[in-house]
Amino acid sequence: MDTRFTRGKSTILERALTRPKTEVSLSTFALLFSEMVQYCQSRVYSVSELQTRLSEMGQSVGASMLDVLVLREKNGKRETKVLNMLLFIKVNVWRSLFGKEADKLEQANDDDKTYYIIEKDPLINTYISVPKENSSLNCAAFTAGIVEAILTHSGFPAKVTAHWHKGTTLMIKFNEAVIVRDKALDGR
Amino acid sequence: MSRQSNRTTDSKKMNSELFTLTYGALVTQLCKDYENDEEVNKQLDKMGYNIGVRLIEDFLARSSVGRCQDFRETADVIAKVAFKMYLGVTPSVTNWSPAGDEFSLILENNPLADFVELPDNHSTLVYSNLLCGALRGALEMVQMAVDVKFAQDTLRGDGVTEIRMKFIKRIEENLPAGDE
């Protein structure tokens, strides 16, 4: 067995899950994120590859945050319905991570699998200006990754992508099965 | 330290957990992309350097700290103003060398390494090496060449996290040829 599980020197497991809020400067984060984007860019050939990489990093953040957020915000209670799950993200997740609720949550008119979380000025993009030649790049792909991981690990597998629309729109496309299940639950 | 105004408090804050996990995601990615820990350390140092070079400007603008008289004052400003402003922690300054050109920053909490455990196969990874690069980059922009490295790290089982900083030399301004 890996010795880190047995040597018992780590105090991580004994720390309280709820703890006083600590803060760092937004400048620190912005510069770190900028280095991340530059690093990713140096290893890819296209905007979509770059967004995929950012999204993957976001997913690792989302996966780490999910359990502790559910515990702190909901006393450990998991959501089972699509709409409640989306509200949990719009309200609780956003407030913990970005200090405010997301601006809007909408459902696509013509598709019951698709939802949008709309943020006029996402924190992640505060200091980012997109070059003209890559105008489709939206670094909120990182946030999309966070949301995708939170949904997927909560039992709502989905694909989340970031787009420039009314500011930044995160487009959430649920797997067919999620919607079928949700409708079946409604019927009961 | 003397000419500090209250503009320090102006800078916007954000949740440190998101910052910590984002940094974690970056280090994880680097570990996947590079063959060995030394390469990752080097890359982290380079990124830190780029951050430091840009951060110093933000720092001077917000803190209104003037030119430091000596290295001791520099140490104090780094610990009490800069760390506080950017990472929300205040390390203590200790272990001065007799010549006064080398000191240690002792970090009780390292926001970069919160929630982190190093697996056995990364025993030579200097997880928070970004900090060293950032300090080096920032000081270089105010004409100070320094050597920065981790002397101890709680992630590797040491009692405290200690960053050792050594003053190397004052960088002379070399004006480009043709300039007055």
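Chain A is the first sequence line, chain B the second, and so forth, proteins listed ahead of strands; every chain is numbered from 1. All heavy atoms count here, side chains included; hydrogens, waters and symmetry mates do not.
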Tell me the residues of [range] whose non-hydrogen atoms fall below 4.5 Å from those of chain A, in number order.
range                       : result
residues 100-116 of chain B : Asp114(B), Phe115(B), Val116(B)
residues 33-41 of chain B   : Asp33(B), Tyr34(B)
residues 44-57 of chain B   : Met47(B), Asn50(B), Ile51(B), Arg54(B), Leu55(B)

Joint cluster assignment, [X] & [Y], ILVMFWY side-chain distance < 4.5 Å:
X         : Y         : answer
Met171(A) : Phe156(A) : no
Leu60(B)  : Val81(B)  : yes
Phe83(B)  : Val93(B)  : yes
Tyr127(A) : Met36(A)  : yes
Val160(B) : Leu131(B) : no

Treating Thr28(A) as the side-chain partner and Tyr86(B) as the backbone partner, does any N or O pair qualify as donor plus acceptor under 3.5 Å?
yes
Within the structure provided, determine whether [X] and [Y] are in side-chain contact (heavy-atom separation under 4.5 Å).
X        : Y         : value
Met57(A) : Thr22(B)  : no
Lys12(B) : Ser27(A)  : no
Leu32(A) : Leu130(B) : yes
Leu26(A) : Lys13(B)  : no

Tell me the closest heavy-atom pair linking Ile146(A) and Leu18(B), and the distance in Å.
CD1-CD1, 4.1 Å
Give a yes or no on whether a salt bridge exists between Glu17(B) and Arg72(A), defined as a side-chain N under 4.0 angstrom from a carboxylate O.
yes
Most contacts with chain A, counted as non-hydrogen pairs under 4.5 angstrom, among Ala25(B), Ser16(B), Gly24(B):
Ser16(B)
Go through the atoms of Gln59(A) and report whether side chain, backbone, both or neither lie under 4.5 Å from a heavy atom of chain B.
neither
Under 4.5 Å heavy-atom distance to chain B, tell me which part of Ser25(A) shows up: side chain, backbone, both or neither.
both
Atom CD of residue position Glu176(A) - does it have more than 12 heavy atoms of other residues, nucleotides or ligands inside 6.0 Å?
no
Phe19(B) side, atom CZ; Leu97(A) side, atom CG - distance, nearest 0.5 Å:
14.5 Å
Write out, in numerical order, the residues from residues 101-126 of chain A with a heavy atom short of 4.5 Å from a heavy atom in chain B.
Leu123(A)
